[in-house]
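Down below is the structure, laid out as structure tokens.
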Amino acid sequence: MIVTFDEMRARSISEWEALEKSDKPSIFIGAATCGRAAGAMAVLEAISSALAHHHIEASITQVGCLGLCYAEPLVDIIKPGCPRIHYGNLTPELATQLIEDYLVKDNPRPDLALGTTGDGTVADIPKLFELPVLKSQMRIALRNCGLIDPENINHYIARDGYSGLVKALGMTPEAVIEEVKKSGLRGRGGAGFPTGMKWGFSRRSPSTVKYLICNADEGDPGAFMDRSLLEGDPHAVLEGILIGAYAIGATDGYIYIRAEYPLAIDRLRVALRQITDYELLGDNILGSNFSFHIKIKEGAGAFVCGEETAMMASIEGKRGMPRSRPPFPANSGLWGKPTNINNVETWANVSAILQRSAEWYASYGTEKSKGTKTFALAGKINRTGLIEVPMGISLREIIYGIGGGIPDGKRLKAIQTGGPSGGCLPESMLELPVDYESLTQAGSIMGSGGMIVLDEDNCIVDTARYFLSFTQAESCGKCVPCRLGTKQMLSILEDITNGKGELEDLDLLLKLAESVKAGSLCALGGTTPNPILTTIRYFRDEYEEHITKKRCRAVICTELTNFYILPDKCQGCLICLRSCPTGAISGDKRMVHVIDQSKCIKCGACLDVCPPRFNAIVKVSGEKIETPAEPVPVMTSKPSGKATTNE
Amino acid sequence: MNPDTKQELDDILSQHEIERGELIPILQAAQERFGYLPEEVIAKIAKFLQLPPSAVYGVSTFYAQFKFTPTGKKMIKVCRGTACHVRGASRILQELEKELGIKPGETTEDLEYSLETIACFGSCALAPVIVVDKTVYGRMTPKKVGQILAGNE
């Protein structure tokens, strides 16, 4: 070996300190996929030219996601002797101004700042981690995300990176497994199986060849934890994989990652090259007897491949269809060899546990759900983002404390956890603690960590239909109850959203749901009914309203909605008439326009173009608004708004 | 098979072992190169891996990623993830269908655009999202659809 790990570490720490305590300004920009989509690269260019313009020498580092997605693009600046100031919602113009104000004129622009991290304070800028959005978070898996350069292994090493691997290599594999067991870590992919126990099965399985797989096929719509983690701190995951491989005695590993995540794949490739160069991967790692190799396998767009037996079939070059267990992968997995699969977030927790200790990790969370869980918080919420919270935190604290509540003064309708395998929990369950058991008991699941907030403008039946249309399309077709059951459940839900439902349909749905659950081999079929079961359990009245009153209270279900032009508001401007793709609107200049309901395809184009000062078009469900049968001159009609319901 | 295609495919195959596990990576590389999987390419891959063409078809039709007809110069993908759905992805898709005159899975006659829906891009915080080739556009509105298409022409 060329250098020892201690030398590597010392070198890394001095590189990191040079950046943090430099005599030149250090600038960091959040450049994960989200940041880029929000315009981070344009901000980066603006900053570079502003620096050149003012002849300022500064380092610019691209970092991953800090999780404050609502405030993207994010830029941090460390001025010599000052704490790191995090700025949000920057545009190229604001960023240019900020460089001039802060770096030339010494005005830290508290109006643009979110908060500070590091030693010291800046007047009028709060501490970042004391803000409501971060106060109750505990970042373990995400410990480095948004703070370090994910493409620089030295940053990771400087912050205790790979010290967990070094520690593990000094222990027996059995002791490493014992440590993970003591931490209480459970699989973060969704099922929550105790990680240490899973490793023990593979360890005890007799074979000279064993495989390890990192499941990075983050398929749940509405989930982006694993993407952010891989983009922001790939080494945290790789270190966990290496520790796991050592513990179970694996010889080769695969990272199975979605092709939809090109940046995460790039960052992983860079990280793999780096650990190979540093002799942390390959033969005789860090001079030990432990050898391990990793290959990246890109997924090809099949949700079911997130299921472990389907994933192994896919790696073997076959159709990604699950098979029955036993035999369990720990005994006979990839190419018939013992195989251990864990998800991205699980691996990132493993490296933290070995770096610190099992006791430290287990001090967070609840009795049965230890540690923390990341969630992708999105939908109708003020502060969308990637969060990590101690297990046992209440849904209320997540939605209102961290997420800042619902935008535009709307009412919370439901919280969807667990993606297509999970369920919708109503407002009355806000006090529910977030742990594996409580969520399962409530009919939902922890899942991989998608958390989507629905407000009063979202239709609950439409949401169930949405998930079923997803799982129906993704069912691999192997098990009949799943293949046909999802199809039937979907068509019943479509009938209900189209106003053709009957009350008996609800019982039929529940029956079908039970059959699909019982008759499917894998978790896709087994959990597919959950969105239906929870929405009928908690929101039955909304289903019944669709069926009996033909009313969608959120005015979402197209077949149950109508557009009307209010005669007292229409000014006869012809704008909506010209926008209508089916010619359903009749009228003339200064004549009140009328929509022919039989021709209307309910696309809403008219509503979009009606000038806000007229505000003459309404979209309603379950009610009729009286309008003239034919165009009449404007201002001659009676005040409108008289509505009759379908009852 | 025209000589160029043959040469390019040979180059791809030469980078892979003759192993079943290489099938999906080979198909991915071939599609990346040719934009879709022509019949003759599938036949040649089957021969290379010593598999019946039916097995290669079986695998390639299982995965949503693989295409069997030419796609447009620009690929527009509309995210149908949960966050996008609850924030109005269907309106964005409608607008694109209207503007391009095609449905998801189709390509415009001039082979300029292909339209697709994708389960989730994982950019949920910026929902609704579309992706044009490799650029992600967040916080989409029906109005921005027209602007993006115009800017792309």
Side-chain angles (χ1 to χ4, degrees), chain A residues 33-34 36-38 69-70 72 218-224 226-228 258-262 297-303 305 314-321 335 376-380 384-386 416 419-420 450 452-455 458 462-463 466-467 470 473-474 476 581 603-605 608, chain B residues 19-29 31-32 49 51 55-66 77 79-91 94-95 97-98 116-127 129-131 134-143:
Chain A
T33 301
C34 292
R36 289 180 184 203
C69 310
Y70 68 98
E72 296 274 12
E218 187 170 52
D220 278 4
F224 56 92
D226 295 348
R227 172 182 66 69
S228 299
R258 307 178 72 200
E260 287 86 347
Y261 288 175
K297 284 272 178 182
E298 282 182 43
F303 173 68
C305 288
S314 180
I315 293 175
E316 291 174 2
K318 299 177 187 150
R319 290 162 72 91
M321 290 165 116
W335 291 296
L377 194 54
K380 304 292 184 67
T384 53
L386 177 70
Q416 209 285 334
I452 309 284
V453 181
L454 310 183
D455 72 2
N458 293 118
D462 172 71
T463 306
Y466 161 77
F467 281 119
F470 177 81
E474 295 293 343
C476 80
C603 67
D608 287 341
Chain B
E19 273 175 19
R20 174 81 193 236
E22 292 295 292
L23 173 55
I24 293 171
I26 292 173
L27 291 170
Q28 285 169 329
Q31 177 158 299
E32 174 76 24
L49 290 176
L51 291 168
V56 177
Y57 268 108
V59 169
S60 50
T61 52
F62 182 85
Y63 296 95
Q65 188 183 26
F66 299 117
K77 295 176 180 170
C79 181
R80 303 297 309 272
T82 321
C84 289
H85 179 76
V86 304
R87 296 186 76 107
S90 46
R91 295 290 315 279
Q94 262 177 22
E95 188 67 20
E97 287 176 359
K98 207 171 84 188
E116 255 185 23
T117 61
I118 287 288
C120 184
F121 277 109
S123 293
C124 314
L126 296 165
V129 165
I130 70 167
V131 178
K134 287 193 171 158
T135 314
V136 182
Y137 295 89
R139 296 173 187 143
M140 284 297 298
T141 59
K143 210 170 161 187

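In what follows, chains carry the letters A, B, and so on, assigned in the order in which the sequence lines appear, proteins first and then strands, with residues in each chain numbered from 1. Keep in mind that what you see is a predicted model, and the values were worked out from it rather than measured.
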> Do A/Glu260 side-chain atoms and B/Gly122 backbone N/O form a donor-acceptor pair below 3.5 Å?
Replying inline: no
>> Checking B/Gln65 against B/Gln31: is there a side-chain donor and acceptor pair closer than 3.5 Å?
In response: no
> Do you know which of A/Glu316, A/Gln416, A/Arg258, A/Lys297 has the most heavy-atom pairs with chain B at a distance under 4.5 angstrom?
Replying inline: A/Glu316
>> Is A/Phe470 close to chain B through its backbone or its side chain, or both, or neither, when contacts mean heavy atoms under 4.5 Å?
In response: side chain
> Side chain, backbone, both or neither: which part of A/Arg227 has a non-hydrogen atom closer than 4.5 Å to chain B?
Replying inline: side chain
> Heavy-atom distance under 4.5 Å to chain B: side chain of A/Ile315, backbone, both or neither?
Replying inline: backbone
> Which of the residues B/Arg91, B/Arg80, B/Gln94, B/Glu22 is involved in the greatest number of heavy-atom pairs with chain A at under 4.5 angstrom?
Replying inline: B/Arg91
> Do B/Arg20 and B/Val59 pass the side-chain contact (heavy atoms from CB on, under 4.5 Å) test, and can you show the C-alpha distance, the side-chain angles, and the key distance before you say yes or no?
Replying inline: CA-CA 11 Å; B/Arg20 174 81 193 236; B/Val59 169; 3.6 Å; yes
> With no hydrogens and no angle check, is any side-chain donor or acceptor of A/Glu72 less than 3.5 Å from a backbone partner on A/Ala38?
Replying inline: no
> For A/Gly379, does its backbone N or O pair with a side-chain atom of B/Arg87 as donor and acceptor, under 3.5 Å?
Replying inline: yes
> Hey, which of B/Leu51, B/Ile26, B/Val86, B/Thr135 has the most heavy atom pairs under 4.5 Å with chain A?
Replying inline: B/Val86
> Going by atom types alone, do A/Asn458 and B/His85 pair a side-chain donor with an acceptor below 3.5 Å?
Replying inline: no
> Checking B/Ser90 against chain A: side chain, backbone, both or neither under 4.5 Å from a heavy atom?
Replying inline: neither
> Top residue by heavy-atom pair count (under 4.5 Å) with chain B, among A/Gly450, A/Gly320, A/Ala605?
Replying inline: A/Gly320
> What part of A/Glu298 gets closer than 4.5 Å to chain B, counting heavy atoms only: side chain, backbone, both or neither?
Replying inline: both
>> So which residue, A/Ala300, A/Gly222, A/Cys69, A/Ala37, ends up with the most heavy-atom pairs under 4.5 Å with chain B?
In response: A/Ala300
> With chain B, which of A/Glu218, A/Arg36, A/Lys380 has the greatest number of heavy-atom pairs at distances under 4.5 Å?
Replying inline: A/Lys380
>> Which one wins on heavy-atom pair count under 4.5 Å against chain A: B/Gly138, B/Ser123, B/Pro142?
In response: B/Ser123
>> Using heavy-atom distances under 4.5 Å, tell me whether B/Leu49 contacts chain A through its side chain, its backbone, both, or neither.
In response: neither
> CD of B/Glu95 to CD1 of B/Ile130: how many Å apart, nearest 0.5 Å?
Replying inline: 10.5 Å
> Considering only heavy atoms from C-beta outward, does the side chain of A/Pro420 approach that of A/Pro221 to under 4.5 Å?
Replying inline: yes
> Should B/Tyr63 and B/Ile24 count as side-chain neighbours, where that means a heavy-atom distance under 4.5 Å?
Replying inline: yes
> Contact part of A/Ser314 toward chain B, heavy-atom cut-off under 4.5 Å: side chain, backbone, both or neither?
Replying inline: both
> Going by atom types only, do A/Thr33 and A/Tyr261 share a side-chain donor-acceptor pair under 3.5 Å?
Replying inline: no
>> Please identify, among B/Val131, B/Val136, B/Leu23, the residue contributing the most non-hydrogen atom pairs under 4.5 Å to chain A.
In response: B/Val136
> Which bit of A/Asp455 comes within less than 4.5 Å of chain B, counting heavy atoms only: side chain, backbone, both or neither?
Replying inline: neither
>> Quick check on A/Cys305 against chain B: is it the side chain, the backbone, both or neither that has a heavy atom closer than 4.5 Å?
In response: side chain
> How about B/Phe121 and A/Phe224: are their ring centroids closer than 6.0 Å?
Replying inline: no
> Where does B/Ala127 contact chain A at under 4.5 Å (heavy atoms): side chain, backbone, both or neither?
Replying inline: neither
